Amino acid sequence: MKSYADGNTLRMPDSCQFQAAEREAVLLLCDDQITAFNDAARQLFQASGQQLTTLQHPAQLSPATQPCGKASFEKAELMLAKARAQGRHQFYWLHQRFNGDLFYALVTLTAEDTTESARVQAVVQDLTAQTRHMLDAAMGRLMFSKSHDALMITDSNNLILDVSPAFCQITGYARTETLGKPAGFMRSGVHDQQFYACLWQQLLQTGCWEGEIWDKHRQGHLFPKDLKICAVAGPDGHVMNYLALFSDVTEKIQHKQELEKLAYYDTLTGLPNRALLLETLERKVSTLNQQAGGQHLALAFIDIDNFKAINDTKGHLFGDLLIKAVTARIAALLDQDDFLGRMSGDEFLLIFSASCTLSEVELRLNRILEVLREPFALEDSSQHVNLSIGVSLYPTDGTDCKSLIAKADIAMYHAKKSGGSHVRFYCAEVGAQFFEQSDIELHLAEAISQGAIVPKFQPKIALQHGTISGAEILARWCRQNGDYVAPDKFIPVAEQQRLIHKLSDSLLSQSALCLQQQGITVPITLAFNVSAQQLLDPKFGRDFLALLHHRGLSPQLCEIEITESCLIENFGQAKDCINQLRQQGIKVSIDDFGTGFCSLNYLRSLSVDTIKLDRSFIAELDPQNLNNIIVVKAIIDLAHQLGIRVLAEGVETRSQLHILKTLQCDEVQGFYFAPALAWRDFCQFVSGFDASSIQQLNHNLPHSALAALLADKQ
Ligand code: C2E
Ligand code: CA
Ligand code: CA
């Protein structure tokens, strides 16, 4: 007799062989009621004794339905009937504890006898733990054989006990080739001893390690893998096995690299893009800032000259090809530690390695210029390319990225201004020029519209009779802040900004107004400077004449001064325009004569009135400098033979004037007489001018050698 909980007594029917062990739950059923149970049963169902004995039917220890879909009540009746009929019946059953938990059990019903009302003993064996174990094992098997991730199990000495099919697929090794080998037999050589030492240290300390590692495939190539290693301890707590789980992450890394490439590299050239350039420079500069000093760094801003024009005329596809070809040539000249990137369009930034000395920087950039001058053979055409390069230096020009880039850019701009194909280092003077230039660019249009750029008049004197023959109109811009801006500075900007027409029109209109306000008794010719951009505009001749007419100026008293560069740019068109204007009575002179490449030969086929001998000849017009006198004399003689008058510019001394008169120069202009004057001052100058001072320049030759030379002129 055994005593059971809650005072119920379970009588073991003599005829029944109860085999349930003490820890198994046992319930006694009489007329479908639980009449007795043991302690294990009460614990299994998480019930009190009373809860068990007051149940109407044992099926109430189950959910409403069994997994097969049948109602638990009906199925339980069936099981009880079978037990009574057969004496014993065993089956799996889904039970429910009083706290709601479900669990699988193996139920063995044993009947007292085979009558319909026989008492039945139920032994309920909880299968939860067993199922879990089975499930784990099944999962393990499934994972091992089917997982895409590779599995490897080693013994405590890290010798391979087994590998999964995925392992073989990823590494290229057959299972039999791996068994018994040390787990590290596929090491790639990418990681050093220190790396593996850290891995083992962590694995032994924490029981696992996780990270990316490069291994060698059976075929020899290296591949990256995401690896997890776990140490598996035996019952004694010592490591029994190591379990490694890994996957090939080549694609993942490639994908990551592609994304990085998109974010950091220029798709056309493959060079680092602006973002990566800025990050790299930032890093380098901040490292230098943290160091003790003494280190320097050179930054070169590289720009292709006239790239926009090439792109516009030859098309964007050609432009792209050119950018690629230029990149390849520059890249081939770089050192390993140089960093070249594309800022935008045709702009590149080159960060030199800190070990590169200044003279090396200069030498290497000049080498780049030189190599780039070789024409590029692209799309059946030969393309010439020049670069302009500006250089700024850390720390001289700045200790932060922004100012270093800005100053390299300014220096580049300066290189362009010097005609391109140059390397320029930044200097404070260049910086000041740049800011002045930017300021002009910003305010020029407004100044022209407001009539802030005014005409001043420089007298021209005819030497034969000592009379004032005309005035050259020179543009003058005095800023509101009192700063004077020289025409050499703003005229090129006006040309760039296509404002030169507007400026010329304004000067002509203002000059006409001056004439109207205060006339002068003698007829004088007004000479207007005309830039190449104007003269080569097919509408120029017509528009100019129309404006003269509109402003009441007589073409016969007008002159245009054009430079040699105008003629060189497009001789045919310039000639047509000159002819058109001369037919209307307008005089034409060639300005700065002798400075360009205009040969005297041009003068044969071009009909002009005057050549204006450049002031560089006049400045050297010194009795000691006979060679210069010979040249000036030759020019004057030749011009005269072609029926062209000669005006000498920049006359500053009486001696120069004297020589010029001796050489039979026709006209002079220069500070010796007057600079460019405001109209009222010009009128005063005209009325006060004493012709006799010129007439008195009778041929008192200043120097005997000169006298000999000029003997034939006497
Ligand atoms: P340019 O046509 O050769 O003008 C003569 C320049 O020589 C003027 O300089 C004048 O002030 C300067 N000059 C005159 N006499 C002497 C002298 O005795 N000694 C020295 N050292 N210089 C003398 P500026 O006014 O600075 O003009 C410079 C240039 O700017 C002009 O050279 C001309 O090419 C251009 N420019 C001036 N006004 C205009 C304009 O209205 N339109 C165009 N297109 N260009 C202009
Ligand atoms: Ca001139
Ligand atoms: Ca001139």
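The structure presented is a predicted model; accordingly, all values stated were derived computationally and were not measured.
- Rounding to the nearest 0.5 angstrom, the gap separating the CG atom in Asp666 from the OG atom in Ser469 is 9.5 Å.
- Tyr672 approaches Thr653 most closely through the heavy-atom pair CD1-C, 3.9 Å.
- Under the 3.5 Å distance criterion, the side-chain polar atoms of Gln458 are matched with a main-chain donor or acceptor of Ala674.
- Annotation for Asn579 and Ser607: closest pair OD1-OG, 3.4 Å, computed over non-hydrogen atoms.
- Formation of a donor-acceptor pair under 3.5 Å by the Asp591 side chain with backbone atoms of Asn529 is not found in this model.
- You'll find the side chain of Arg479 reaches within 4.5 Å of the side chain of Asp439, heavy atoms only.
- Using a 4.5 Å heavy-atom threshold, the side chains of Leu444 and Gln497 count as touching.
- One N or O on the side chain of Gln656 and one on the backbone of Ile618 form a donor-acceptor pair closer than 3.5 Å.
- No more than 12 heavy atoms of other residues, nucleotides or ligands sit less than 6.0 Å from atom CG of Asp380.
- Counting heavy atoms from C-beta on, the side chains of Ile468 and Phe673 never come closer than 4.5 Å.
- The structure places CG of Asn570 at 12.0 Å from NZ of Lys575, a figure rounded to the nearest 0.5 Å.
- Note that CG of Leu621 and CD1 of Ile659 are 4.5 Å apart. Values are rounded to the nearest 0.5 Å.
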Item to complete: Mind running side-chain hydrogen bond (donor to acceptor under 3.5 Å, both in side chains) on Gln556 and Ser554 for me, showing each step along the way?
Response: CA-CA 5 Å; Gln556 278 70 29; Ser554 153; 3.3 Å; yes
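- With contacts defined as side-chain heavy-atom distances shorter than 4.5 Å, the pair Ile491/Glu495 qualifies.
- Of all non-hydrogen atoms in Leu536 and Ala574, the two that sit nearest each other are CD2-N, 4.1 Å.
- Phe301 CZ to Tyr413 OH: the interatomic distance, rounded to the nearest 0.5 Å, is 13.0 Å.
- Using cut-offs of 30° and 60° for the angle between ring planes, the Phe682 and Phe685 rings count as parallel.
- Side-chain contact check for Ile323 versus Phe307: some heavy-atom pair is nearer than 4.5 Å.
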Item to complete: Start with the C-alpha distance between Asn311 and His316, add both sets of side-chain angles, then the distance that settles side-chain contact (heavy atoms from CB on, under 4.5 Å), and finish with yes or no.
Response: CA-CA 5 Å; Asn311 218 15; His316 287 244; 3.8 Å; yes
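- Between the side chain of His550 and the backbone N or O of Leu548 there is no donor-acceptor pair closer than 3.5 Å.
- Side-chain contact between Thr396 and Tyr426 is absent, with no heavy atoms from C-beta onward closer than 4.5 Å.
- Looking at Arg582 and Asp609, a side-chain N of the basic residue comes within less than 4.0 Å of a carboxylate O on the acidic one, giving a salt bridge.
- Within the model, atoms CD of Glu559 and CG of Leu647 stand 8.0 Å from one another, a figure rounded to the nearest 0.5 Å.
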Discussion item. side-chain contact (heavy atoms from CB on, under 4.5 Å) for Leu553 and Leu515? Distances and angles first, verdict last.
Written reply: CA-CA 9 Å; Leu553 290 174; Leu515 262 176; 3.5 Å; yes
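- Side-chain polar atoms of Ser388 and Lys417 form no donor-acceptor pair below 3.5 angstrom.
- Looking at Lys612 and Glu649, a side-chain N of the basic residue comes within less than 4.0 Å of a carboxylate O on the acidic one, giving a salt bridge.
- Salt bridge annotation for Glu472-Lys456: absent, with no cationic side-chain nitrogen under 4.0 angstrom from a carboxylate oxygen.
- In this pair, Phe490 and Trp477 present their aromatic rings perpendicular. The plane angle is above 60°, beyond the 30 to 60° band.
- Under a 4.0 Å N-O distance rule, the pair Asp346/Lys308 does not qualify as a salt bridge.
- Nearest heavy atoms, Val530 versus Leu535: CG1-N, 4.0 Å.
- A salt bridge links Glu436 to Lys489: one of the charged nitrogens lies within less than 4.0 Å of a carboxylate oxygen.
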Discussion item. Val651 vs Phe671, test: side-chain contact (heavy atoms from CB on, under 4.5 Å). Steps then yes/no.
Written reply: CA-CA 6 Å; Val651 176; Phe671 295 166; over 6 Å; no
Discussion item. Pair Gln510, Ser506 - check side-chain hydrogen bond (donor to acceptor under 3.5 Å, both in side chains), show working.
Written reply: CA-CA 6 Å; Gln510 292 184 65; Ser506 158; 3.0 Å; yes
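- Checking side-chain atoms of Asp266 against main-chain N and O of Thr269 turns up a donor-acceptor pair under 3.5 Å.
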Item to complete: May I have the step-by-step check of side-chain contact (heavy atoms from CB on, under 4.5 Å) for Ile310 and Gln383, ending in yes or no?
Response: CA-CA 9 Å; Ile310 299 172; Gln383 180 65 52; 3.5 Å; yes
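- For Asn306, the CG atom counts as loosely surrounded, since its 6.0 Å shell holds 12 or fewer non-hydrogen atoms of other residues, nucleotides or ligands.
- Without hydrogens or angle criteria, Ser381 side chain to Ala377 main chain gives no donor-acceptor distance under 3.5 Å.
- Judged by distance alone, the side chain of Ser392 and the main-chain N or O of Leu404 form a donor-acceptor pair under 3.5 Å.
- Between Val391 and Ala411 the shortest heavy-atom distance is N-CB, 3.7 Å.
- With respect to the salt-bridge test (charged N to carboxylate O, under 4.0 angstrom), the residues Glu370 and Arg373 do not qualify.
- For the pair Ser509 and Leu547, the tightest heavy-atom approach, listed with the atom from each and the gap, is OG-CD1, 4.3 Å.
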Worksheet item: Given the rule in the side-chain hydrogen bond (donor to acceptor under 3.5 Å, both in side chains) test, do Ser504 and Gln534 qualify, once you have shown the distances and angles that lead to the verdict?
Response: CA-CA 9 Å; Ser504 289; Gln534 290 171 279; 2.8 Å; yes
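- In this structure, CD1 on Ile410 lies 11.5 Å from CD on Gln437, to the nearest 0.5 angstrom.
- Residue Lys314 qualifies as enclosed at atom NZ: its count of foreign heavy atoms under 6.0 Å is above 12.
- Phe318 is listed as a side-chain neighbour of Glu379, based on a closest heavy-atom distance under 4.5 Å.
- For Ser693 and Asp690, the side-chain atoms include no donor-acceptor pair closer than 3.5 Å.
- Asp397 places a side-chain N or O within 3.5 Å of a backbone atom of Leu393 that can act as its donor or acceptor partner.
- A donor-acceptor pair under 3.5 Å is formed between the side chain of Arg329 and the backbone N or O of Glu374.
- Ion pairing between a basic and an acidic side chain is recognised when a charged N comes within 4.0 Å of a carboxylate O; Arg342 and Glu347 show no such pairing.
- Using a 4.5 Å heavy-atom threshold, the side chains of Gln517 and Arg680 count as separate.
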